[in-house]
Amino acid sequence: MPPNPTLEKIRKSQILDASLRIMSEQGSNSVTLEHVAKASGLSKGGLVHYFPSKEVLFRESFREFFNRIFTRGRETMDQHADAMDKLLSFIWIFDRDDPEVQVAYPLLFDGMALAAHDPEYGSLFRDWFESWVVMLKVALKQGNDAGRFSVADTDGTARAISAIYQGIATRWFLDPETHSTDWAESFLRLAITGLVGLKET
């Protein structure tokens, strides 16, 4: 019987869901194909049919993770008309009750550790960073065109905003006792407002 493309897609998605969940809970170093197969309701042989090795599965899992986070960010940003609101639209990353956020941070740090030693993971991060920069530049241009921002270097400013998000998010997640959600949101707003030279209307 020939493969059913729809079923194959669903099965791959189920495997990636299980892989991401387990890697977030245990760290990629502790996860085996057997763990993912069991969590996916498959035999190891069934899993290998879709992902022939742990290395392939994990790279695809991280690629899927980056795609999901970026898609959510883009969809959230698109809900706002104002350029400043667009730049501040990613504060959902500071919601500890958000199930996706709970899974995302351990995965992000795990991926960073892998990227420090593996060029393929480094490439995944560079592509992800660039996607955010491109998206932020659109909002910066919109703000400039509307006369709300005075940004001379949209590329450099987009990179700075992306880095500010990452830095604040890292401290918010790893040291919640002294880096509260209020702190994260208020100083993020302060930093971005200063960077873009926001002109009040």
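Remember, predicted model here, so these are calculated numbers, not experimental data.
Distance check, rounded to the nearest 0.5 Å: OG1 of T154 to NZ of K141 gives 9.0 Å. Note that OG1 of T71 and CD of E64 are 8.5 Å apart. Values are rounded to the nearest 0.5 Å. From L47, atom CG reaches atom CD1 of I15 across 5.0 Å, with rounding to the nearest 0.5 Å. Here the CG-CH2 distance, from L188 to W172, works out to 12.5 Å after rounding to the nearest 0.5 Å. Residue L124 holds its CG atom at 11.5 Å from CZ of F65, rounded to the nearest 0.5 Å. Here CD1 of I69 is found 13.0 Å from CZ of R74. Values are rounded to the nearest 0.5 Å.
Put simply, the side chain of T76 gets close to the backbone of R72: a donor and an acceptor are under 3.5 Å apart. Side-chain atoms of Q142 do not come within 3.5 Å of backbone N or O of D82 as any donor-acceptor pair. Judged by distance alone, with hydrogens and angles left aside, the side-chain atoms of S24 form no donor-acceptor pair with the main-chain N or O of L20 at under 3.5 Å. Between the T193 side chain and the R189 main chain, a donor and an acceptor come within less than 3.5 Å of each other. Panel note: side chain K86, backbone H80; a donor-acceptor pair is recorded below 3.5 Å.
At most 12 non-hydrogen atoms from other residues, nucleotides or ligands lie less than 6.0 angstrom from CZ of R171. Around atom NZ of K38, no more than 12 heavy atoms belonging to other residues, nucleotides or ligands sit under 6.0 Å away.
At a threshold of 4.5 Å between side-chain heavy atoms, the hydrophobic network of Ile, Leu, Val, Met, Phe, Trp and Tyr places I164 and I91 in one connected group. Connection of L174 to V101 is established within a shared hydrophobic cluster, with ILVMFWY side chains joined at heavy-atom distances below 4.5 Å, either directly or through further cluster members. F187 and F173 fall within a single hydrophobic cluster, where Ile, Leu, Val, Met, Phe, Trp and Tyr side chains are chained together by heavy-atom contacts under 4.5 Å. Grouping the Ile, Leu, Val, Met, Phe, Trp and Tyr side chains by contacts below 4.5 angstrom, directly or via other members, places L107 with W92. The hydrophobic clustering, which links ILVMFWY residues whose side-chain heavy atoms are closer than 4.5 Å, places L87 and L190 together.
Within the 4.5 Å cutoff, the side chain of I192 has heavy atoms near those of the M84 side chain. Using a 4.5 Å heavy-atom threshold, the side chains of I168 and W183 count as touching. Annotation: side chain of S89 is not in contact with side chain of Q79 (no heavy-atom distance under 4.5 Å). Residues S19 and V31 are not in side-chain contact: their nearest non-hydrogen atoms beyond the backbone lie 4.5 Å or more apart. L57 is listed as a side-chain neighbour of L16, based on a closest heavy-atom distance under 4.5 Å.
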> Taking it one step at a time, do Q102 and R96 satisfy side-chain contact (heavy atoms from CB on, under 4.5 Å)?
Replying inline: CA-CA 6 Å; Q102 292 178 359; R96 295 188 192 280; 5.5 Å; no
>> Evaluate W128 against V133 for side-chain contact (heavy atoms from CB on, under 4.5 Å), listing each step before the verdict.
In response: CA-CA 9 Å; W128 195 53; V133 167; over 6 Å; no
>> Does F51 form a side-chain contact (heavy atoms from CB on, under 4.5 Å) with E60? I'd like the steps, not just the answer.
In response: CA-CA 9 Å; F51 299 98; E60 287 304 309; 3.9 Å; yes
>> Could you go through L140 and I161, starting from their C-alpha distance and side-chain angles, then the distance that decides it, and tell me whether this counts as side-chain contact (heavy atoms from CB on, under 4.5 Å)?
In response: CA-CA 10 Å; L140 291 170; I161 291 173; 4.1 Å; yes
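Closest approach of A18 to V36, counting heavy atoms only: CB-O, 4.3 Å. What you find for I22 and A39 is that their closest heavy atoms are CD1-CB, 3.3 Å.
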Just list the side-chain donor-acceptor pairs under 3.5 Å for residues 109-121, sequence neighbours left out, or say none.
{"from": "D110", "atom 1": "OD1", "to": "S28", "atom 2": "OG", "distance (Å)": "2.9"}
{"from": "D110", "atom 1": "OD2", "to": "S28", "atom 2": "N", "distance (Å)": "2.6"}
{"from": "D110", "atom 1": "OD2", "to": "S28", "atom 2": "OG", "distance (Å)": "3.2"}
{"from": "D118", "atom 1": "OD1", "to": "E120", "atom 2": "N", "distance (Å)": "2.9"}
{"from": "E120", "atom 1": "OE1", "to": "R59", "atom 2": "NE", "distance (Å)": "3.0"}

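Screening residues 121-131 for salt bridge (charged side-chain N to carboxylate O under 4.0 Å, His left out), with sequence neighbours left out, gives E130-R159. Listed by first then second residue, pairs satisfying salt bridge (charged side-chain N to carboxylate O under 4.0 Å, His left out) with a partner in residues 9-27 read D17-R68, not counting sequence neighbours.
The ring-ring contact (aromatic ring centres under 6.0 Å, His included) test applied to F90 returns W132, Y165, not counting sequence neighbours. Partners of F125 under the ring-ring contact (aromatic ring centres under 6.0 Å, His included) rule, at least two apart in sequence or in another chain, are F66, F129. Under the side-chain contact (heavy atoms from CB on, under 4.5 Å) criterion, A169 pairs with I93, F94, Y105, sequence neighbours left out.
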